[in-house]
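What follows is one structure encoded as structure tokens, with my remarks underneath.
Residues: numbered from 1 along the sequence shown. All of these numbers come straight from a predicted model, not from anything done at the bench.
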Amino acid sequence: MDAPEPSTVSADADPMSIRALKDISFGSIAGMTSKVFEHPFDLTKVRLQSQVLDATARFNGPIDCLAQTWKREGLRGLYRGLPAPIVGAMAENASLFWTYTELQNAIRWYERQPTTHQLSLGQLALAGSGAGCITSFVLTPIELVKCKMQVQMLMVPSVLPVQAAAALSSIAPAAALPADVSGSSLHKLPGPISVLKSIIRTSGFRGLWLGQTATFIRETGGGAAWFTSKEAVATLLLKRRNVPSHDKKELRPWESAVSGAAAGIAYNVALFPADTVKSAMQTEAELRPRAAGEPGPTFLGTFRAMHQAQGIRGLYAGCGITVARAIPSSALIFLIYDGLSKRYGSQ
């Protein structure tokens, strides 16, 4: 059956528990599918961001990074750390779509409007920003594990299990990726559970939220940009066909994809430097370990250091490939989410 998007869903059609179940399920499926497609490009982005503060760059750009990773680590290397981002993508999109729906309903309740009332772009931006804010607390620990795994092969010349585990505990020196990395080395590197345990052992549970400020900034602003861009472009496409702008159930698959692609661009361009700072902070222990007892990285301190090292260009390291992969990835997310909502949503 046809169903409206979260912005027009009626509380009378589905109780909150059913709406939540559908948003979480549809968002999880969309996020998981898109992450499998985009992971090699995300890995490239993180590795480019992590080298901004290095004296000598390991890679000359995204193409060089992809080529070196493929040559030295193979297909397994391109998908290094995939389990964590799959979990993260499922959690991120489930949280985003669910909280976005409920925050819209909260705004309607506050304004004493019916649940079918079409919100303004400003109100949608507020709901999207709130959804991003909540989601940031779920994402930071997952992205911390993901980023650490994505730079494991950049840490030490001989990637023996003990050395890799030591590096993850911030006690091994940083070094460039060796040219003779063997395939067996990849199998011996710590997995996501080992990385997670290492973080808790060395920094406690609080350490899981290293980079939370950066994630909060990125997700709060990015959530507003993501949802409002999608809604705005979808409205324009509906008006082309003289379809009421609130009737999002009439979106065709290609229209969902186009509006989703626009959302992907807006999300990544909005506050990309915050993501760069986050990646640098979350990979510092592996690539630029500090002396024992020295205070850990902070958002403002890392931001200043990166700006001083490479200026605005450094803060946007990896932005090109990120936007390039966000276009099909975000299009795929909304294509799947809208399609599932239309097929299995409320009447």
Salt bridge (Lys or Arg N to Asp or Glu O under 4.0 Å) partners for Arg206, two or more places apart: none

Taking the side chain as C-beta and beyond, is there a heavy-atom pair between [X] and [Y] under 4.5 Å?
{"X": "Leu119", "Y": "Glu231", "answer": "no"}
{"X": "Thr69", "Y": "Thr44", "answer": "no"}
{"X": "Glu284", "Y": "Arg290", "answer": "yes"}
{"X": "Ser341", "Y": "Lys22", "answer": "no"}

So how far is it from [X] [atom1] to [Y] [atom2], rounded to the nearest 0.5 Å?
{"X": "Gln123", "Y": "Gln113", "atom1": "CD", "atom2": "CD", "answer": "8.0 Å"}
{"X": "Met281", "Y": "Ser50", "atom1": "CE", "atom2": "OG", "answer": "14.5 Å"}
{"X": "Tyr100", "Y": "Asn93", "atom1": "OH", "atom2": "CG", "answer": "14.0 Å"}
{"X": "Thr276", "Y": "Phe303", "atom1": "OG1", "atom2": "CZ", "answer": "10.0 Å"}
{"X": "Lys278", "Y": "Thr215", "atom1": "NZ", "atom2": "OG1", "answer": "5.5 Å"}
{"X": "Asp275", "Y": "Glu143", "atom1": "CG", "atom2": "CD", "answer": "6.5 Å"}

Residues Trp226 and Ser330: side-chain donor-acceptor under 3.5 angstrom: yes

Tabulate below the donor-acceptor pairs under 3.5 Å that side-chain atoms of residues 261-273 make, not counting sequence neighbours, or state none.
residue	atom	partner	partner atom	Å
Tyr267	OH	Arg218	NE	3.3
Tyr267	OH	Glu219	OE2	2.4
Asn268	ND2	Gly264	O	2.9

Glu255 bridged to Arg241 by N-O distance under 4.0 Å: yes

Looking only at atom types and distance, does a side-chain atom of [X] sit under 3.5 Å from a main-chain N or O of [Y], one as donor and one as acceptor?
{"X": "Glu286", "Y": "Lys148", "value": "no"}
{"X": "Ser198", "Y": "Ser194", "value": "no"}
{"X": "Ser136", "Y": "Cys133", "value": "yes"}
{"X": "Ser129", "Y": "Ala125", "value": "no"}

Listed partners of Pro253 passing side-chain contact (heavy atoms from CB on, under 4.5 Å), at least two apart: Leu335

Set of side-chain contact (heavy atoms from CB on, under 4.5 Å) partners for Pro295, sequence neighbours left out: none

Common cluster, Leu196/Leu210, ILVMFWY with side-chain heavy-atom separation under 4.5 Å: yes

Tell me, which pairs form a salt bridge (charged side-chain N to carboxylate O under 4.0 Å, His left out) where one or both residues lie in [range], sequence neighbours left out?
{"range": "residues 109-130", "value": "none"}
{"range": "residues 84-98", "value": "none"}
{"range": "residues 121-139", "value": "none"}

List the atom pairs, donor and acceptor, that lie under 3.5 Å between side-chain atoms in residues 305-328 and the rest of the protein, sequence neighbours left out.
residue	atom	partner	partner atom	Å
Gln310	NE2	Val52	O	3.1
Thr322	OG1	Gly318	O	2.6
Arg325	NH1	Glu38	OE1	3.2
Arg325	NH1	Glu38	OE2	3.0
Arg325	NH2	Asp42	OD1	3.3

For [X], what are the other residues in its hydrophobic cluster, where any two members join if their side-chain heavy atoms are less than 4.5 angstrom apart?
{"X": "Trp109", "result": "Tyr110"}
{"X": "Leu237", "result": "Val233, Trp254, Val258"}
{"X": "Leu103", "result": "none"}

Identify all side-chain donor-acceptor contacts of residues 59-67 below 3.5 Å with residues at least two apart in sequence or on another chain.
residue	atom	partner	partner atom	Å
Asp64	OD1	Gln68	NE2	3.4
Asp64	OD2	Asn60	N	2.9
Asp64	OD2	Gln68	NE2	2.9

Aromatic ring pairing Phe26/Tyr344, orientation class (parallel under 30°, perpendicular over 60°, tilted between): tilted

Closest approach of Gln282 to Cys147 (non-hydrogen atoms, all atoms of both residues): OE1-SG, 3.5 Å

